[in-house]
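I have placed the structure first, in the form of structure tokens, so that the comments after it can refer back to it.
Note that the coordinates shown come from a computational prediction; the quantities given were computed from them, not determined experimentally.
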Amino acid sequence: MVTVNLGMLHYVLDHIYGAFMHRTRISPLFFSRGWGGTKLDLLERMIKQLFPDIEGQNWPPCLVQPIWRTVWESKTAVLREGVFRTPCDEQLISALPPESHNARVAFLVPKYVPPQKMACVVHLAGTGDHTFERRLRLGGPLLKENIATMVLESPFYGKRRPVLQRGAKLLCVSDLLLLGRVTIEEARSLLYWLDSEAGFGKMGVCGLSMGGVHAAMVGSLHPIPVATLPFLSPHSAAVAFCEGILKHATAWEVLREDLAAHKAAMTLEEVRERMRNVLSLTDVTRFPIPKNPQAVIFVAATDDGYIPKHSVLELQRAWPGSEVRWVTGGHVSSFVLHNDEFRRGIVDGLNRLEWKESPLCR
């Protein structure tokens, strides 16, 4: 009788998928145009400004006013799509490609339920998630729990993707920092809109993989407690690009040549160290502890080829009171097989919040 180690099978599946996606010529590598020059310097400065000088002090979100249209309506729910200009300051907007200046959002809401008796969760995009559909499928079954779903299209993705970018393969390292910084700003503004304009009684933010890193940052920086639900997420983008499978999808030689053109020649290991230093700005353990850490639930996979276990546990240690739940599988298989566990995390995280009536506008 042959014994199959399922954990190893899931891990190997991640590597097979990664080899197919990232080591073949099907798509280009990440950062095929280098570091991003002066844009990278700007983004490094602006991300350092995210960290409040005083513990517990956060800068207030900007209020956005999406322009809505109804996509479909049934007896029990309505799906709307909205557009709004990104609320970022002019420095960030000038660094963004023109295609990313306007944000798009899908909003799936139960009908005939007063908003103060509903919760809403903002779903952020994982790497390569260019459309609303997968996240709407994740949130759709939660309608019966009176939980609405708001899905943000990330800058550099979907209809916001720059014309020269192929798929999710960002052209410069600065684009990765810019994507994160703008996503944080837009998600916080949407949470503010849900609270102060739409009047929802509870709110949360979730995301898978890269979206989970951004969700953790948003939950950390938002001025009121929200359920914070990172799924299959590392504590830092440095883990994904320097340790996980995405290191095989990165244009290291281009990055080395870009540095050599402006500084002294470097070895590939020195280039990787430079990448670790830059992406340490995305280290969520440096961010403030969320206002209600009990409403933080991480869902991680036991045999994830993209995200090592130590990375998830670092976040839990940094945020005492948070919870880690493990699902059996790898990164790819868990995306497919464990949506019910992600939904359970959303419900439980929201249940750990008090019902509130628009505290931001009191």
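- Qualifying side chain to side chain donor-acceptor pair (under 3.5 Å) partners for T250, counting only residues two or more places apart in sequence or in other chains: none.
- Between E153 and the choices R161, R135, R104, K159, the salt bridge (charged side-chain N to carboxylate O under 4.0 Å, His left out) rule is met once, by R104.
- A donor-acceptor contact shorter than 3.5 Å links the side chain of K111 to the backbone of S74.
- Contact annotation: the side chain of V327 never approaches that of T302 to less than 4.5 Å [non-hydrogen atoms, C-beta and beyond].
- Shown here for L43 and S174, the closest heavy-atom pair between the two residues is CG-O, 4.1 Å.
- Of all heavy-atom pairs spanning F287 and L281, the tightest one is CE1-O, 4.0 Å.
- Closest of all the heavy-atom pairs between V296 and P290 is CG2-CG, 3.9 Å.
- Taken to the nearest 0.5 Å, the CG atom of L179 stands 8.0 Å off from the OG atom of S100.
- The local environment of CZ in R80 is sparse, with at most 12 non-hydrogen atoms from other residues, nucleotides or ligands closer than 6.0 Å.
- E243 places no side-chain N or O within 3.5 Å of a backbone atom of A238 that could act as its donor or acceptor partner.
- Residues forming a salt bridge (charged side-chain N to carboxylate O under 4.0 Å, His left out) with R317 (at least two apart in sequence, or on another chain): none.
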Would you sort out whether D195 and F200 count as a side-chain contact (heavy atoms from CB on, under 4.5 Å), showing the intermediate values?
CA-CA 5 Å; D195 179 41; F200 277 81; over 6 Å; no

Side-chain polar contacts of residues 202-213 - donor-acceptor pairs under 3.5 angstrom, sequence neighbours left out - could you list them?
unit_1 : atom_1 : unit_2 : atom_2 : d
K202   : NZ     : L350   : O      : 2.9
K202   : NZ     : L353   : O      : 3.1
S209   : OG     : H331   : NE2    : 3.2

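- Using modelled atom types, no side-chain atom of T149 and backbone atom of I147 make a donor-acceptor pair closer than 3.5 Å.
- Using a 4.0 Å cut-off between charged side-chain N and carboxylate O, E269 and R276 make a salt bridge.
- At a threshold of 4.0 Å, the pair D283-R286 does not count as salt-bridged, since none of the basic side-chain nitrogens sits closer than that to a carboxylate oxygen.
- To the nearest 0.5 angstrom, R343 atom CZ is 10.5 Å from F231 atom CZ.
- Salt-bridge annotation for R352 and E323: present, with a side-chain N of the basic residue lying under 4.0 Å from a carboxylate O of the acidic one.
- Grouping the Ile, Leu, Val, Met, Phe, Trp and Tyr side chains by contacts below 4.5 angstrom, directly or via other members, places L221 with L63.
- Looking only at side-chain heavy atoms (C-beta outward), F342 and I297 stay at 4.5 Å or farther from each other.
- With hydrogens and angles ignored, the 3.5 Å screen pairs a side-chain donor or acceptor of K39 with a backbone N or O of A95.
- Residues A260 and A265 share a closest heavy-atom pair of CB-CA, 4.2 Å.
- Taken to the nearest 0.5 Å, the CZ atom of R33 stands 13.5 Å off from the CG atom of L255.
- Using a 4.5 Å heavy-atom cutoff, the side chains of D89 and M46 are in contact.
- Of the possible donor and acceptor atoms, none in the side chain of W319 sits under 3.5 Å from a partner among the backbone N and O of S220.
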Please test H338 against V299 for side-chain contact (heavy atoms from CB on, under 4.5 Å), starting from the C-alpha separation and ending with a verdict.
CA-CA 10 Å; H338 292 302; V299 179; over 6 Å; no

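- In this structure, the separation between CG on L164 and CG on L171 is 6.5 Å, given to the nearest 0.5 Å.
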side-chain contact (heavy atoms from CB on, under 4.5 Å) for L176 and F241? Distances and angles first, verdict last.
CA-CA 11 Å; L176 182 64; F241 284 96; 3.7 Å; yes

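- Ring planes of F107 and W68: tilted class, angle from 30 to 60°.
- Put simply, the side chain of Q165 does not reach to within 4.5 Å of the side chain of P97, judged on heavy atoms.
- Residue E273 holds its CD atom at 13.5 Å from CG of L268, rounded to the nearest 0.5 Å.
- Within the 4.5 Å cutoff, the side chain of T76 has no heavy atoms near those of the P110 side chain.
- For the pair T127/Y157, a side-chain contact is recorded, criterion being any heavy-atom separation below 4.5 Å from C-beta on.
- In this structure a side-chain-to-backbone donor-acceptor pair under 3.5 Å is missing from S233 to P230.
- At distances below 3.5 Å, at least one donor-acceptor pair connects side-chain atoms of K169 with backbone N or O atoms of P28.
- Contact check for F31 versus D175: no side-chain heavy atoms found under the 4.5 Å cut-off.
- Atom CZ of R256 and atom OG1 of T267 lie 8.5 Å apart (nearest 0.5 Å).
- Hydrophobic clustering, with ILVMFWY side chains joined whenever heavy atoms are under 4.5 angstrom apart, groups I307 together with V324.
- Salt-bridge annotation for E186 and R160: present, with a side-chain N of the basic residue lying under 4.0 Å from a carboxylate O of the acidic one.
- For the pair E185 and R181, the salt-bridge criterion is met [side-chain N within less than 4.0 Å of a carboxylate O].
- Under 4.0 Å is where a charged nitrogen must lie from a carboxylate oxygen, and between R325 and D348 at least one such pair does.
- What you find for A215 and L124 is that their closest heavy atoms are N-CD1, 3.7 Å.
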Please lay out, stage by stage, how V312 and K309 fare under the test side-chain contact (heavy atoms from CB on, under 4.5 Å).
CA-CA 5 Å; V312 180; K309 285 183 181 177; 5.9 Å; no

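- F132 and V105 are members of different hydrophobic clusters when ILVMFWY side chains are connected at heavy-atom separations under 4.5 Å.
- The closest side-chain heavy-atom distance from L279 to L177 is below 4.5 Å.
- The cationic group of R274 lies under 6.0 Å from the six-membered ring centre of W35 and within 45° of the ring axis, placing it in a cation-pi geometry.
- For A301 against S334, the heavy-atom pair with the smallest separation is CB-OG, 3.6 Å.
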Let's go through H235 and S311 carefully: what are the C-alpha distance in whole Å and the side-chain angles of both, what is the deciding distance for side chain to side chain donor-acceptor pair (under 3.5 Å) to 0.1 Å, and is it a yes or a no?
CA-CA 5 Å; H235 74 284; S311 184; 2.6 Å; yes

